[in-house]
*Asks:* 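Take this structure first; my questions come after.
Lettering follows sequence order; numbering is per chain, from 1.
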Amino acid sequence: MPELPEVETTRQGIRPCCEGKAVRQLRVFEPRLRWPVPDDLPQRLEGATIHALKRRGKYLLLIVDEGAVLVHLGMSGSVRVVTESEPRRTHDHLELEMEDGALLRYHDPRRFGCWLWSDQWEQHPLIRHLGPEPLSPEFTGEYLYRLSRGRQVPVKSFLMDSKTVVGVGNIYANESLFKAGILPGRAAGRIGLDRYKRLVTHVRDTLSTAITQGGTTLRDFVNSSGQPGYFAQSLQVYGREGQPCRLCNRPLSQSRLGQRTTVFCRHCQR
DNA sequence: AGTTTAACCTGGGTGC
DNA sequence: TGCACCCAGGTTAAAC
């Protein structure tokens, strides 16, 4: 589910609830996530102050003195601020209680997410090889152009590879390529500088707008207050196969690229 | 080294 | 109602 806008929406929502506060208790109800939740995670956190709640790509980072917790939402994860009286639901796997009683619940039906500890999070294997943030100055058309020379992978797969740039998942890759007028299946190495500049502009614009709208809710994404995001109504191509292209009115095509559903306009994207 | 595929899970929808 | 099958916002690790 969550791509960068959904993770950022979550971060902004739970930040006031935990940043600058000490942890009273971390309760793990189901440790079997993508990787097992470390046994000693609760004791590492108890009493520790969360100095900052950061984001790197799709990872949320709870920064404490001795290190950081790496939280990933996987395909179906969400974090909500709840009250003590609210009963725990199926698939509520972890609960973080702060000193002042504030309560965060991690919900993840498919359990593709993770809660991991690192004493040097920037060097962690899951973080170390990540590409630039899409909203940072390093992410430019020149960067994509240079990195893609000689590559035969479809540009959509290239864009969704976290070593290229972080945070762009299936929804926003489809949307950005449509707006940039680039065919998703075209070899990354055969796209020129000008078109990559255009792509960067649209990736930035799409992600920023989605963050403003609180992310995209297809089925189950909810923000920290349990509310859905509203970017779904702005989607140009994702989930619209066969429906008219918003530019030329011809029916949108669908294919599969890197086992991901890909929607595009044969006429407007080249 | 680059690229593709299988795997990790649950749940919702569809068609028989 | 039940069952088999396909699909889903991600990402790693193994296989080609």
*Asks:* Looking at A:E3 and A:E6, what are the two nearest heavy atoms and their distance?
*Replies:*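 Minimum heavy-atom separation between A:E3 and A:E6: N-OE1, 2.7 Å.
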
*Asks:* Measure CZ/A:R89 against P/B:dT10 and give the value in whole Å, please.
*Replies:*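 Rounded to the whole Å, the gap is 17 Å.
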
*Asks:* Under 4.0 angstrom, heavy atoms only, what part of the nucleic acid is A:Q259 near: base, sugar-phosphate, or nothing?
*Replies:*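 Counting heavy atoms under 4.0 Å across all strands, the contact made by A:Q259 includes a base.
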
*Asks:* Taking the side chain of A:V153 as heavy atoms from C-beta outward, which of B:dT3, C:dT12, C:dG9 is closest to it?
*Replies:*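 When the side chain of A:V153 is considered, B:dT3 is the closest of B:dT3, C:dT12, C:dG9.
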
*Asks:* Which whole-number value in Å describes the distance from A:L130 CG to C:dT11 C1'?
*Replies:*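 After rounding, the gap between these two atoms is 11 Å.
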
*Asks:* Less than 3.5 Å apart, any donor N or O on the side chain of A:T216 or A:Y172 sitting next to an acceptor on the other?
*Replies:*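 Per modelled atom types, A:T216 and A:Y172 side chains form a pair under 3.5 Å.
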
*Asks:* In this structure, is the centre-to-centre distance between the rings of A:F29 and A:H93 below 6.0 Å?
*Replies:*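 They do not qualify: ring centres at least 6.0 Å apart.
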
*Asks:* Quick check on DNA chain C: between A:R110 and A:P125, whose nearest nucleotide comes earlier from the 5' end?
*Replies:*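 On the 5' side of the pair lies A:R110.
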
*Asks:* Do A:H91 and A:D108 have a side chain donor and acceptor closer than 3.5 Å?
*Replies:*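 There is no such pair (donor and acceptor under 3.5 Å, judged by atom type) between the side chains of A:H91 and A:D108.
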
*Asks:* Using a 4.0 Å heavy-atom cut-off across all strands, classify A:R151 as base, sugar-phosphate, or nothing.
*Replies:*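 Sugar-phosphate contact only - A:R151 comes under 4.0 Å of backbone atoms but never of a base.
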
*Asks:* Is the aromatic ring centre of A:F112 closer than 5.5 Å to the centre of the six-membered base ring of C:dT11, with the two planes inclined by less than 30°?
*Replies:*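 Check failed, A:F112 does not stack on base of C:dT11.
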
*Asks:* What's A:Y172 touching, base or sugar-phosphate or nothing? Going by heavy atoms closer than 4.0 Å.
*Replies:*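 No contact.
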
*Asks:* Just how far, in rounded Å, is P of C:dG10 from CG of A:L4?
*Replies:*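 In whole Å, C:dG10 P lies 11 Å from A:L4 CG.
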
*Asks:* Take the protein atom CZ of A:R32 and the nucleotide atom C1' of B:dC8, then report the distance between them rounded to whole Å.
*Replies:*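 Value for this atom pair: 12 Å.
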
*Asks:* Nearest whole angstrom, please: distance from the C1' of C:dG9 to the CG of A:L235.
*Replies:*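 In whole Å, C:dG9 C1' lies 11 Å from A:L235 CG.
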
*Asks:* Looking only at side-chain atoms of A:R256, point me to the closest of C:dG10, C:dA8, C:dT12.
*Replies:*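 Taking heavy atoms from C-beta onward, the closest nucleotide is C:dA8.
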
*Asks:* Between A:L70 (CG) and C:dT11 (C1'), how many Å, whole number?
*Replies:*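 Computing the A:L70:CG to C:dT11:C1' distance gives 14 Å.
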
*Asks:* Under 4.0 Å, heavy atoms only, any strand: does A:R260 hit a base, just the sugar-phosphate, or nothing?
*Replies:*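 Base: the residue A:R260, judged by heavy atoms under 4.0 Å, touches a nucleobase.
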
*Asks:* Tell me whether the side-chain N or O atoms of A:R34 pair up with the base of C:dT11 as donor and acceptor below 3.5 Å, since no angle test is needed here.
*Replies:*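 Side chain to base: pair present.
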
*Asks:* Mind calculating the distance between CZ (A:R149) and C1' (B:dA1) to the nearest angstrom?
*Replies:*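 My rounded result for the distance is 18 Å.
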
*Asks:* Distance check, P atoms only: C:dT11 and B:dA1, in whole angstrom units.
*Replies:*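 C:dT11 and B:dA1 have their P atoms separated by 24 Å.
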
*Asks:* Would you kindly check if the NZ (Lys) or CZ (Arg) of A:R266 is within the cone defined by 45 degrees around the ring axis of A:F264 and under 6.0 Å from the six-membered ring centre?
*Replies:*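 Verdict for A:F264: no cation-pi partner in A:R266.
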
*Asks:* Sticking with atom P, work out how far C:dA14 lies from B:dC9, rounded to a whole angstrom.
*Replies:*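 Here C:dA14 and B:dC9 have their P atoms 16 Å from each other.
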
*Asks:* Examine the base of B:dC9 for any acceptor or donor lying under 3.5 Å from a partner atom in the side chain of A:R111, and report the outcome as yes or no.
*Replies:*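 There is none.
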
*Asks:* Counting only side-chain N and O atoms of A:H91, is one of them less than 4.0 Å from OP1 or OP2 of B:dG11?
*Replies:*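 Checking B:dG11 against A:H91, a side-chain N or O does come within under 4.0 Å of OP1 or OP2.
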
*Asks:* Could you tell me the separation between the CG atom of A:D108 and the P atom of C:dA8, rounded to a whole number of Å?
*Replies:*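 Taking atom P of C:dA8 as the reference, CG of A:D108 is at 18 Å.
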
*Asks:* Heavy atoms under 4.0 Å, any strand shown: does A:S157 hit a base, just sugar-phosphate, or nothing?
*Replies:*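 It contacts nothing in the nucleic acid.
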
*Asks:* Do other residues, nucleotides or ligands put more than 12 heavy atoms under 6.0 Å from the CZ atom of A:R32?
*Replies:*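 Open: at most 12 neighbouring heavy atoms sit under 6.0 Å from CZ of A:R32.
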
*Asks:* Any strand is fair game: report the nucleotide pairing with C:dG9 by Watson-Crick or G-U wobble, both distances under 3.5 Å, or none.
*Replies:*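 For C:dG9, the partner nucleotide comes out as none, under the 3.5 Å rule.
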
